[in-house]
Engineer: 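There's a structure below that I have some questions on.
Atom set for the values below is all heavy atoms of this structure, side chains included, hydrogens, waters and symmetry mates excluded. This one's a predicted model, so the numbers in the text were calculated from it and none came from an experiment.
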Amino acid sequence: MEELIGINIGYAICGSFCTFRKSIDEMKALVKCGANIYPIMSQNAYSLDTRFGMAADFVKEIEDICGKSVIHTIPQAEPIGPKKLLDALVISPCTGNTLAKLACGVTDTPVTLAAKAHLRNARPLVLGVSTNDALATAAKNIGLLMNNKNIFFIPMSQDDPVKKPNSVVAHFDKTPEALKSALSGTQIQPIYI
């Protein structure tokens with residue numbers, strides 16, 4: 001995708017551990033498109049070992065893909081805004097917790113502070129939702145964020161309507177397309193049926 005060559009993209013990962021593999025694959029795809037990726041991780045994503053893998057292994061893989069150290073503290077994230085470091089910021093996976101914090105202006109994690117710092121420059125923030133309560137308590141936060149200028153969504157849909165009727169996950173393979181569209185100020189269809 002030629003439009004992404006040389007574009008500075010922050011790529012933030014939150015604690016939806018079951019979607020790390022798909023998200024990291026999209027990070028690789030963006031690098032292959034020629035984007036310059038600045039990796040960012042929430043404290044939990046950066047430090048917790050889970051049944052989906054060891055934190056140190058994910059951090060090393062991400063740093064190898066991007067060629068940069070992961071931004072994982074609030075002081076590391078703060079300069080993103082004043083330095084106008086990023087052309088766009090992707091948060092994917094974006095958990096229900098992070099959605100709530102973004103909707104309410106809470107900036108107490110490296111990811112939410114990176115978003116606040118980045119949005120002050122009126123540049124696109126692209127969210128890849130992954131939460132079991134998207135159609136329950138997180139729905140109002142998704143609605144609030146969809147109504148905000150410069151906030152865009154990777155297309156999403158229910159991942160298991162029978163066993164997890166409130167759960168929604170982004171179509172991670174649509175990340176480059178959603179990002180390209182957001183850079184031009186438009187939202188591609190955010191909800192798949």
Side-chain angles (χ1 to χ4, degrees), residues 9-27 29-30 39-48 50-53 55 58 62 77 88-116 118-119 123-183 185-193:
I9 300 169
Y11 199 108
I13 295 178
C14 297
S16 176
F17 301 98
C18 61
T19 61
F20 275 19
R21 179 55 39 218
K22 288 181 180 179
S23 183
I24 291 169
D25 288 347
E26 291 312 307
M27 184 184 290
L30 293 174
I40 304 162
M41 295 178 85
S42 69
Q43 294 103 322
N44 287 341
Y46 186 82
S47 64
L48 295 179
T50 71
R51 64 187 172 103
F52 299 102
F58 284 122
I62 289 167
L89 173 59
V90 175
I91 303 176
S92 181
C94 184
T95 61
N97 187 51
T98 297
L99 288 166
K101 289 180 180 198
L102 292 171
C104 294
V106 177
T107 57
D108 63 349
T109 73
V111 172
T112 55
L113 185 62
K116 174 196 171 206
H118 173 69
L119 283 171
R123 294 178 179 174
L125 172 63
V126 180
L127 305 178
V129 172
S130 180
T131 178
N132 287 325
D133 67 346
L135 300 178
T137 56
K140 66 183 175 198
N141 298 320
I142 292 170
L144 285 169
L145 292 167
M146 280 187 170
N147 197 40
N148 282 359
K149 187 175 182 179
N150 298 317
I151 297 180
F152 303 88
F153 285 80
I154 297 167
M156 59 186 143
S157 64
Q158 288 178 289
D159 56 309
D160 188 347
V162 174
K163 294 181 183 172
K164 301 189 303 181
N166 294 323
S167 183
V168 167
V169 175
H171 292 258
F172 293 99
D173 61 330
K174 299 290 186 188
T175 301
E177 182 184 354
L179 182 56
K180 175 187 160 192
S181 186
L183 284 163
T186 58
Q187 170 69 61
I188 61 174
Q189 178 64 40
I191 299 173
Y192 276 26
I193 303 293

Engineer: Does the Gln158 side chain pair with the main chain of Asn166, one donor and one acceptor, at a distance under 3.5 Å?
Structural biologist: no
Engineer: Do the side chain of Glu26 and the main chain of Pro176 share a donor and acceptor less than 3.5 angstrom apart?
Structural biologist: no
Engineer: Of the non-hydrogen atoms in Ser47 and Ala55, which two are nearest, and what is the gap between them?
Structural biologist: C-CB, 3.6 Å
Engineer: Please check this pair: side chain of Tyr11 against backbone of Met41, looking for a donor-acceptor N/O pair closer than 3.5 Å.
Structural biologist: no
Engineer: Can any side-chain N or O of Ser181 pair as donor or acceptor with the backbone N or O of Ala178 at less than 3.5 Å?
Structural biologist: no
Engineer: Could you list the residues that satisfy side chain to side chain donor-acceptor pair (under 3.5 Å) with Ser167, not counting sequence neighbours?
Structural biologist: Asn132, Asp159
Engineer: As an exercise, state the distance from CG of Leu113 to NE2 of His118, rounded to the nearest 0.5 Å.
Structural biologist: 13.0 Å
Engineer: Side chain to side chain donor-acceptor pair (under 3.5 Å) with Thr95: which residues, sequence neighbours excluded?
Structural biologist: Thr98
Engineer: Tell me whether Thr112 contacts the main-chain N or O of Asp108 through its side chain, where contact means a donor paired with an acceptor under 3.5 Å.
Structural biologist: yes
Engineer: Could you tell me which residues satisfy salt bridge (Lys or Arg N to Asp or Glu O under 4.0 Å) with Asp133, sequence neighbours excluded, listed by chain and number?
Structural biologist: none
Engineer: For Pro110 versus Ala77, what's the shortest heavy-atom pair and its separation?
Structural biologist: O-CB, 3.4 Å
Engineer: Which atom names give the shortest non-hydrogen contact between Ala134 and Val168, and what distance separates them?
Structural biologist: CB-CB, 3.4 Å
Engineer: Restricting to side chain to side chain donor-acceptor pair (under 3.5 Å), what partner residues turn up for Lys22, sequence neighbours left out?
Structural biologist: none
Engineer: CG of Leu30 to NZ of Lys180: how many Å apart, nearest 0.5 Å?
Structural biologist: 13.5 Å
Engineer: With sequence neighbours excluded, tell me which residues meet salt bridge (Lys or Arg N to Asp or Glu O under 4.0 Å) with Asp160.
Structural biologist: none
Engineer: Please report whether the ring centroid of Phe20 lies less than 6.0 Å from that of Phe58.
Structural biologist: yes
Engineer: Please report the shortest heavy-atom distance between Val111 and Cys14, naming the atom on each side.
Structural biologist: CG1-SG, 3.8 Å
Engineer: Provide the closest heavy-atom pair for Cys94 versus Leu127 in the form atom of the first, atom of the second, distance.
Structural biologist: SG-CD2, 4.2 Å
Engineer: If you look only at distance, which donor and acceptor atoms sit under 3.5 Å apart when one is on a side chain in residues 138-152 and the other is two or more places apart or in another chain?
Structural biologist:
none

